Asker: 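Can you read through this structure? Questions will come right after.
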Number of protein chains: 2
Amino acid sequence: MAIARLAAATTASALAQRLREAIDGGHWQPGDLLRQEQIAAEYGVSRIPVREALAQLQNEGLLDVAHYRGARVSRPQAQEIDELFDLRLMVEGDLLARALGQHDQRSLRELKRLQDALEDADDRLGWIAGDIGFHEALYGPARRLRSLALFRQLRAPIDRFSAQALSPGTRKQGWADEHRQLIATVAAKDAAAAQEILRNHLQATRAVVLAACSSQGES
Amino acid sequence: MAIARLAAATTASALAQRLREAIDGGHWQPGDLLRQEQIAAEYGVSRIPVREALAQLQNEGLLDVAHYRGARVSRPQAQEIDELFDLRLMVEGDLLARALGQHDQRSLRELKRLQDALEDADDRLGWIAGDIGFHEALYGPARRLRSLALFRQLRAPIDRFSAQALSPGTRKQGWADEHRQLIATVAAKDAAAAQEILRNHLQATRAVVLAACSSQGES
DNA sequence: CATGGGATAATTGTATCCAAAAATAGCGGG
DNA sequence: CCCGCTATTTTTGGATACAATTATCCCATG
């Protein structure tokens with residue numbers, strides 16, 4: 001089982017991770033049909049774990065699976081993306097407000113460290129993973145496990161567009177700036193300012209993602 | 001396939017529904033261990049769809065599944081329930097605000113009809129299903145599919161406690177009253193009042209659910 | 001008598017095989 | 001030539017069979 005080597009409890013979850021990366025990395029495009037047999041052969045496993053991985057990705061919102069008709073990479077509508085960002089604004093705003101009072105020297109240092117590491121990374125998937133890690137560290141002190149899980153869930157269908165949106169470089173600068181401003185306002189315990197930065201951060205990302213989404217929408 | 005008769009595309013989803021009802025109905029208690037073989041035998045299917053159903057219920061938050069160690073009915077902490085209600089307040093408040101302007105004669109009549117049917121039902125599971133239906137009709141005109149799905153998701157781990165909380169009868173009265181007040185304020189397009197009623201409705205439910213949750217917490 | 005080790009049984013994860021459904025190709029009629 | 005229908009192929013869903021892991025029991029030992 002060559003695939004299971006890469007740190008995963010079960011073959012299905014390892015596969016799910018691989019497929020997630022493949023979608024985020026643009027290896028599979030929206031609308032593409034994922035054949036169970038093909039994936040099974042490609043990774044050297046049977047179709048059972050493949051099916052479980054596909055089911056997992058389905059309810060992460062990355063795939064649309066129709067009965068007896070295969071799994072396709074989902075093609076989110078702009079309206080849907082928009083809605084997801086509205087939800088993120090609510091959930092992440094709440095998390096940030098609750099985390100603000102819980103941050104301390106150590107958590108702030110950790111945030112800075114993550115941000116430094118993040119800016120050094122040079123591949124898109126690394127940025128995405130790093131961005132998730134940064135925001136988790138930012139919201140973590142709120143100790144709201146369910147909200148944090150929801151944060152991840154709301155990102156999942158979006159991140160593949162972020163990945164290609166960040167590549168130009170210009171947006172990457174603003175993105176990093178906003179992260180550093182977030183750290184600063186959190187360190188200063190300035191709730192209003194932090195909320196404002198987060199709002200701007202998400203609004204800017206929303207615009208970029210919507211552009212990326214609609215630009216590849218025609219096929 | 002005796003089970004598939006009940007309106008479901010796939011055996012796994014039919015099983016998932018049955019198991020959900022079994023948990024909501026109190027047939028399975030928090031901490032109970034669900035054996036794949038046993039469930040498979042009970043419903044006359046193989047373990048494959050059972051596994052898929054269990055995976056489904058896992059990410060609905062009804063089960064805790066550990067590798068090679070079986071699936072247990074989850075035992076939510078009071079803190080977790082509390083968090084879920086906070087999220088519901090945000091999401092449902094937003095949905096209600098957006099739906100308010102979209103309601104018309106027909107949708108309001110539908111709401112009244114659902115509420116009437118709801119109050120006639122005499123079994124707990126029927127109340128829950130009816131309550132979900134009512135709120136979906138209430139939020140539906142907002143046309144926010146993702147938020148509506150999130151609404152369902154946030155309820156899932158809670159509803160089994162609501163089911164047993166509603167049985168006394170006293171709370172059922174307040175619950176019905178609040179529903180009727182919601183209809184009235186929506187009909188009057190009074191956003192502030194509707195928000196206030198919804199808030200009270202959820203807060204009251206929260207208290208009852210927390211009581212039910214902590215009372216059966218010891219075992 | 002408590003405790004740790006090892007064989008045994010029970011249970012989950014995966015592979016292989018069969019059945020049901022859908023996509024596709026080939027054929028006849030308009 | 002195009003359209004609709006049927007037969008074949010392909011693909012998915014489910015059942016059975018096997019491998020890997022964990023839990024249980026039993027006994028030896030301090």
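All figures in this text were calculated on a predicted structure; none of them were measured in a lab. By convention in this document, chain letters (A, B, ...) are assigned in the order of the sequence lines, proteins followed by strands, and residues within each chain are numbered from 1.
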Asker: Can you sort out which residues in residues 64-72 of chain B have a heavy atom within less than 4.0 Å of DNA chain C? Ascending by number, please.
Answerer: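 The stretch gives His67(B), Tyr68(B), Gly70(B) as the residues lying under 4.0 Å from the strand, ordered by number.
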Asker: Atom CZ of Arg35(B) to atom P of dG13(C): distance rounded to whole Å?
Answerer: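 After rounding, the reported distance stands at 11 Å.
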Asker: I need the residues from residues 47-59 of chain A with at least one non-hydrogen atom less than 4.0 Å from DNA chain C; give them sorted by number, or say none.
Answerer: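 Residues of residues 47-59 of chain A under 4.0 Å from DNA chain C: Ile48(A), Pro49(A).
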Asker: Between dT12(D) atom P and Leu63(A) atom CG, what is the distance in whole Å?
Answerer: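 Those two atoms, CG and P, are 13 Å apart.
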Asker: Please name the pair of heavy atoms, one in Ala53(A) and one in Ala16(A), separated by the smallest distance, quoted to 0.1 Å.
Answerer: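 So the minimum-distance heavy-atom pair works out to CB-N, 3.7 Å.
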Asker: Should Asp82(B) and Arg206(B) be marked as a salt bridge (charged side-chain N to carboxylate O under 4.0 Å, His left out) after you check the CA-CA gap, both sets of side-chain angles, and the distance that decides it?
Answerer: CA-CA 7 Å; Asp82(B) 221 47; Arg206(B) 183 210 299 257; 3.0 Å; yes
Asker: In whole Å, I'd like the distance from the CD atom of Gln36(A) to the C1' atom of dA15(C).
Answerer: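 Answer to the nearest Å: 14 Å.
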Asker: Taking all heavy atoms of Leu63(B) and all of Val73(B), pick out the closest pair and write down the distance.
Answerer: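 Leu63(B) and Val73(B) have their closest heavy atoms at CD2-CA, 3.8 Å.
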Asker: Between Arg20(B) and Asp159(B), does any side-chain N to carboxylate O distance fall below 4.0 Å?
Answerer: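 Salt bridge flag = no for Asp159(B) with Arg20(B).
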Asker: Would you confirm whether Asp32(A), through its side chain, and Gln29(A), through its main-chain N or O, come within 3.5 Å as a donor-acceptor pair?
Answerer: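 Such a contact is found between Asp32(A) side chain and Gln29(A) backbone.
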Asker: Under a 4.0 Å N-O cut-off, is there an ion pair linking Glu80(A) with Arg146(B)?
Answerer: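 Yes, charged N to carboxylate O under 4.0 Å.
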Asker: Go through the structure and list residues passing side-chain contact (heavy atoms from CB on, under 4.5 Å) with Glu110(A), not counting sequence neighbours.
Answerer: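 With neighbours one apart ignored, the set is Arg113(A), Leu114(A).
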Asker: Determine: side-chain N/O of Thr11(A) to OP1/OP2 of dG13(C), distance under 4.0 Å, yes or no.
Answerer: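 Looking at the OP1 and OP2 atoms of dG13(C), neither is under 4.0 Å from any side-chain N or O of Thr11(A).
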Asker: dT9(D) C1' sits how many Å from Glu37(A) CD, rounded?
Answerer: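 It is 14 Å, rounded to the nearest whole Å.
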Asker: Quick check against the 3.5 Å criterion: does Asp123(B) have a side-chain atom that pairs as donor or acceptor with the backbone of Gly126(B)?
Answerer: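 Side chain of Asp123(B) to backbone of Gly126(B): a pair is present.
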